[in-house]
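Notes to accompany the following structure.
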Amino acid sequence: AKASHGEPVTVAWPLLTVGILVAACALPHGERFRMGGLTALVLVAFTVEAWRGQPHPFRRLADAAFIGAYAGLFAAPVALRMNTLLVTMPSGAQVEAGALGTLTALLLVWATDTGAFFVGRTWGRRKLAPRLSPNKTWEGAMGGWLAAALIGWMLGHWGGDRILPGGEASGLALGLLAGAWAQVGDLSESALKRDLGVKDFGGWLPGHGGVLDRFDSFLFVCPLVHLWMTVGGIQGLAAFASR
């Protein structure tokens, strides 16, 4: 692989980074070797690049580090889904908290995309980021943001503290944050493609910009939902801020 300035990027380093992060999330007591594994990986990468003697080793390592950090976001859905705490739903059924969190992230992303698409197509006039994504508008972004807020409020209303700690207020706050953050993820992926000089990340999904285009917003929203559920929603954040 090559970066926009033409320097080759060793894809092994990003893949190993993702492997360490996913293992730290998925394996029992995986957090014990997360920092050690990442530190060892950095030292090995520096050693290999120095041994190769190729020009601009730090530039290649910087590119690899960024790619690894971006791809490392795939560890967030794993961490979110691995929460096996059982939650009793209003119907009486018991569901793992990780499954509820993953579904919450998906619903918020879908709401953002759907609201932005229909509002943007109907009323969109002012371009949001013409150099990154010419079809996106401020009106569409606002529609996606409000749609995510509505879905967040509905999840809090329906599930209460079972799904989102804090109920309706917490769900509304999470929806507002996720609606904005999902669109940041979408624009970030567009910026990455422009920097690399590619139109699509792969050809598995023709006309969809590649597989990564289907997950860019989801990768940004998952850490947010994971944090929200971990700290206890808006009430947990308020308690933390009052310390």
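Residue numbers count from 1 along this sequence.
- To the nearest 0.5 Å, atoms CG (L150) and NE2 (H157) are separated by 11.5 Å.
- Shown here for T112 and A148, the closest heavy-atom pair between the two residues is OG1-CB, 3.3 Å.
- The salt bridge (charged side-chain N to carboxylate O under 4.0 Å, His left out) pairs that include a residue from residues 118-130 are R126-E139, where partners are two or more places apart or lie in different chains.
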Output, in order, the C-alpha distance, side-chain angles, deciding distance and verdict of side-chain contact (heavy atoms from CB on, under 4.5 Å) for V95 and L86.
CA-CA 5 Å; V95 184; L86 292 178; over 6 Å; no
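- Here the closest heavy-atom approach between residue A182 and residue S217 is recorded as O-OG, 2.8 Å.
- Residues V184 and L177 are members of one and the same hydrophobic cluster, defined by side-chain heavy-atom contacts under 4.5 angstrom among Ile, Leu, Val, Met, Phe, Trp and Tyr.
- Contacts of R131 classified as salt bridge (charged side-chain N to carboxylate O under 4.0 Å, His left out), with partners at least two apart in sequence or in another chain: none.
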L80 and M229: CA distance, side-chain angles, deciding distance, side-chain contact (heavy atoms from CB on, under 4.5 Å) verdict:
CA-CA 9 Å; L80 180 61; M229 297 181 72; 4.1 Å; yes
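- Tracing side-chain contacts under 4.5 Å through hydrophobic residues (I, L, V, M, F, W, Y), one reaches M142 starting from V221; they form part of the same cluster.
- By the rule that hydrophobic residues join a cluster once side-chain heavy atoms approach within less than 4.5 Å of another member, F117 and W138 end up as members of separate clusters.
- Counting all heavy atoms, side chain and backbone alike, A141 lies closest to L128 at CB-CD2, 4.1 Å.
- Scored by the side chain to side chain contact (heavy atoms under 4.5 Å, CB included) test, I151 finds L107, L108, A111, M154, L155 as partners (sequence neighbours excluded).
- The two residues P130 and P134 have their closest heavy-atom pair at O-CG, 3.5 Å.
- The closest donor-acceptor contact from the side chain of T137 to the backbone of G124 lies at 3.5 Å or more, if one exists at all.
- Tracing side-chain contacts under 4.5 Å through hydrophobic residues (I, L, V, M, F, W, Y), one reaches W110 starting from L219; they form part of the same cluster.
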From CA spacing to verdict: side-chain contact (heavy atoms from CB on, under 4.5 Å), L176, W145
CA-CA 6 Å; L176 290 172; W145 183 57; 3.5 Å; yes
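- W153 contributes no side-chain N or O that, together with a main-chain N or O of G171, makes up a donor-acceptor pair within less than 3.5 Å.
- In this structure, the side chains of W228 and S170 come closer than 4.5 Å at one or more pairs of heavy atoms.
- The two atoms that bring A105 and F218 nearest to each other are CB-CE1, 3.8 Å, heavy atoms only.
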Verdict with reasoning, S133 to L187, per side-chain contact (heavy atoms from CB on, under 4.5 Å)
CA-CA 7 Å; S133 188; L187 289 175; 4.2 Å; yes
